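Single-structure report; data block below.
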Amino acid sequence: MSALRIKKGSSSHSAYDLRSTYGDTVERHTLAVTVMNEPGVLARVIGLFSGRGYNIESLTVAEVDHEGHKSRITIVTSGTPQVIVQIKAQLGRIVPVLEVHDLTAEGPSVERELGLFKVAGKGEQRVEALRLADIFRANVVDTTLQSFVFELTGTPEKIDAFADLMRPLGLVEVARTGVAALSRGDH
Amino acid sequence: MSRQMTGAKMVVQALKDQGVDTIFGYPGGAVLPIYDEIFQQSEITHVLVRHEQAAIHAAEGYARSTGKVGVALVTSGPGATNAVTGLTDALMDSIPIVVFSGQVPTFMIGSDAFQEADTVGITRPCTKHNWLVKDTAQLSGTIHEAFHIASSGRPGPVLIDIPKDVQFATAEYSEKTKRKSHYQPQVKGSIEGINDLVKLMEKSKRPIFYTGGGVINSGPAASQLLRELVEATGFPITSTLMGLGAYPASGDKWLGMLGMHGLYEANMAMHDCDLMINIGARFDDRITGRVDAFSPKSKKVHIDIDPSSINKVIHVDLGIIGDVAHVLEDILKVWKSRGRVTEKEGLAKWWTQINEWRKIDCLAYTGSEKTIKPQYALQRLEELTKGMDRYITTEVGQHQMWAAQFLGFEDPNRWMTSGGLGTMGYGFPASIGVQMAHRDALVINVAGEASWLMNMQEMGTAMQYRLPVKQFILNNERLGMVRQWQELLHGERYSSSWSESLPDFVKLAEAFGAKGIICKDPADLDDAIMEMIKHDGPVIFDCLVEKHENCFPMIPSGKPHNEMLLAADAAAFASGATLV
């Protein structure tokens, strides 16, 4: 009837089941969350992710409807399909959250990020940096005789690639906005 | 007609408009204006507790025994931080309460002022929602919204932090009806889902209803509909700790509580069923045991008002989002309209199997004529009080599980216990909240001595308000549940799990002006319990019980439902044998 295969005195057991659940493959999802723009709303969203152990790869937030007091939070997160569903449900539970959209699951979408790159160097390195910036269609927004600041908009992968190329050419500092995203089409 | 008033007056006015008659609280510098308003009126009774944690638990007890929203009032800083345990408790068990906290004046926030704490920051993860109100004009609307949010959807605690200058300032009071909240959770379940569920019910040979606190929270109508559905279909029913009383314990379809210390027949039926209908429960880890071996042969259906509960722990075949009463009503309608079909033959076999499991008599224990067994104490308490207008609260530990096993609940809202958070110290203040709502009822807190000491200061409250709460303490001079785990799983190394230097509980009662009863002989128990019941006032009942009794059945963590440890196995366990 009972099959407790543990010996008296065994201490390998706990008041909790210590095995983590074996998940499926980890997926990356971009979520667009519309919230009431009230104090603490971002803290609620971030607190949810830290409190429940979810990942945040990128997060951007800004007011998008001044009259309606609405802000849009774009979160790039990763997890097993079960975790992603749970994240969306948990977000939906936050009282000032009005809408949660999974742009990755709901069809094609566009994602853009803006990066600023300060590259310092002289001579051939400096020319090469400018040439590569041209290929990437980055703008020069500040220049001195020893440095450039480039502005580049694109997918996170494009920003990554540009940063990798600039590193040996004297990359000093990078600032990135994180991802903003919209679904494609007219809806 | 516009009504100008101070923020402090708004608080009291809004409480009246929300139909609040009782609040629990403790004054301090940052809430003095509100206390001044409370002093000048008589519609709302303020109960002065002896610790803010107790104010929250008392509000929980009030809420759970009435179905109304509980209200507490605490000051800034330490008042608010002391409320945190109660708020977390209410969040875990989905209890609707509104807590008001005072705050330092707005112009001092952030300056580390005296008794300042970032209350909304601290309580953000332990409330359903909270607000810092910086403008008196927003205050009354926020209070009405707070009551709406606490009580609708999945209920829970909310907190409103009110700086002292906002309490003093004057603005226009906004009426309860003026505001339309954007927070409107879905209460009707999808009719497609309900149709699918009914089809599953018609074909199931081994169904089971697994119900939880959601049925209680949905209101008396939900319990009524559940009873109708169970009787009409003839399906067996089990419940979580939180859901006891939704279906009567005397009902013949009742299998008893399930879970870690649930009944053998309930857990076996959960493991072997072919259709599990979860109504307002949340697949807590104390229920499921080992998740990947949880009820392997069943189709699982989950009815819950909170979409995040569905597929959180256990993957289900069908999720229905909605309020229990609404969904049950629709299930009954659809099932009846389709001809009230059940798989009669399969069901009869299923009941034969269940009755075999019942014969195990999993709650059996070895009686004693010399010492009071805790199970015996609860059996006698049940026997002597069961016909009465009775409410039970508990602390947390072995006594809580024995109470759930041995006391029978015939109606909802009669059983108040800390389930999700497992808060020792919950039961005594909760019993005060219950007694405030039901002045003539018999309110008993089944306690362990260690838990009870955590909020024993509330004897003062019980005496002051003449609340005849009965503190039924099963005193084993141990932290019984901790000791049990240490015995079974940590080599009998009883690390800090005994109660040293206990007070003389009879003298303690007398020190507060209450009655104390001590009982250690099983032969005296009935008379002692009757003496407790008959006494018109608070009683501390010190019931000295067997010190090393273990609570069975028990599903060790990481084990599936069909690998329960029973008292008989435990005897072998104690002699050092390996159990297979």
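On a predicted model such as this, the values are computed, not experimentally measured, just so you know. The chains referred to below are lettered A, B, ... by the order of the sequence lines, with proteins before strands, and numbering in each begins at 1.
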Which answer fits A:V95, side chain, backbone, both or neither, if we ask what part of it has an atom under 4.5 Å from a heavy atom of chain B? both
Test item: side-chain donor near acceptor, A:Q90 and A:R93, under 3.5 Å: yes
Salt-bridge contact A:D102-A:K88 (side-chain N to carboxylate O under 4.0 Å): yes
Bottom line for A:L98: the part with an atom under 4.5 Å from chain B's heavy atoms is side chain
Per-residue contact mode, A:P96 against chain B (heavy atom under 4.5 angstrom): both
Quick one: which of B:L132, B:I310, B:D306 has the most heavy-atom pairs under 4.5 Å with chain A, could you say? B:D306
Between A:E111 and A:R28, is the closest basic N to carboxylate O distance under 4.0 Å? yes
Check: B:W131 and B:E145 side chains under 4.5 Å, non-hydrogen atoms: yes
Testing the 3.5 Å rule here: is there a donor-acceptor pair between the side chains of A:E27 and A:H29? yes
Side chain, backbone, both or neither of B:N130 within contact of chain A (heavy atoms, under 4.5 Å): both
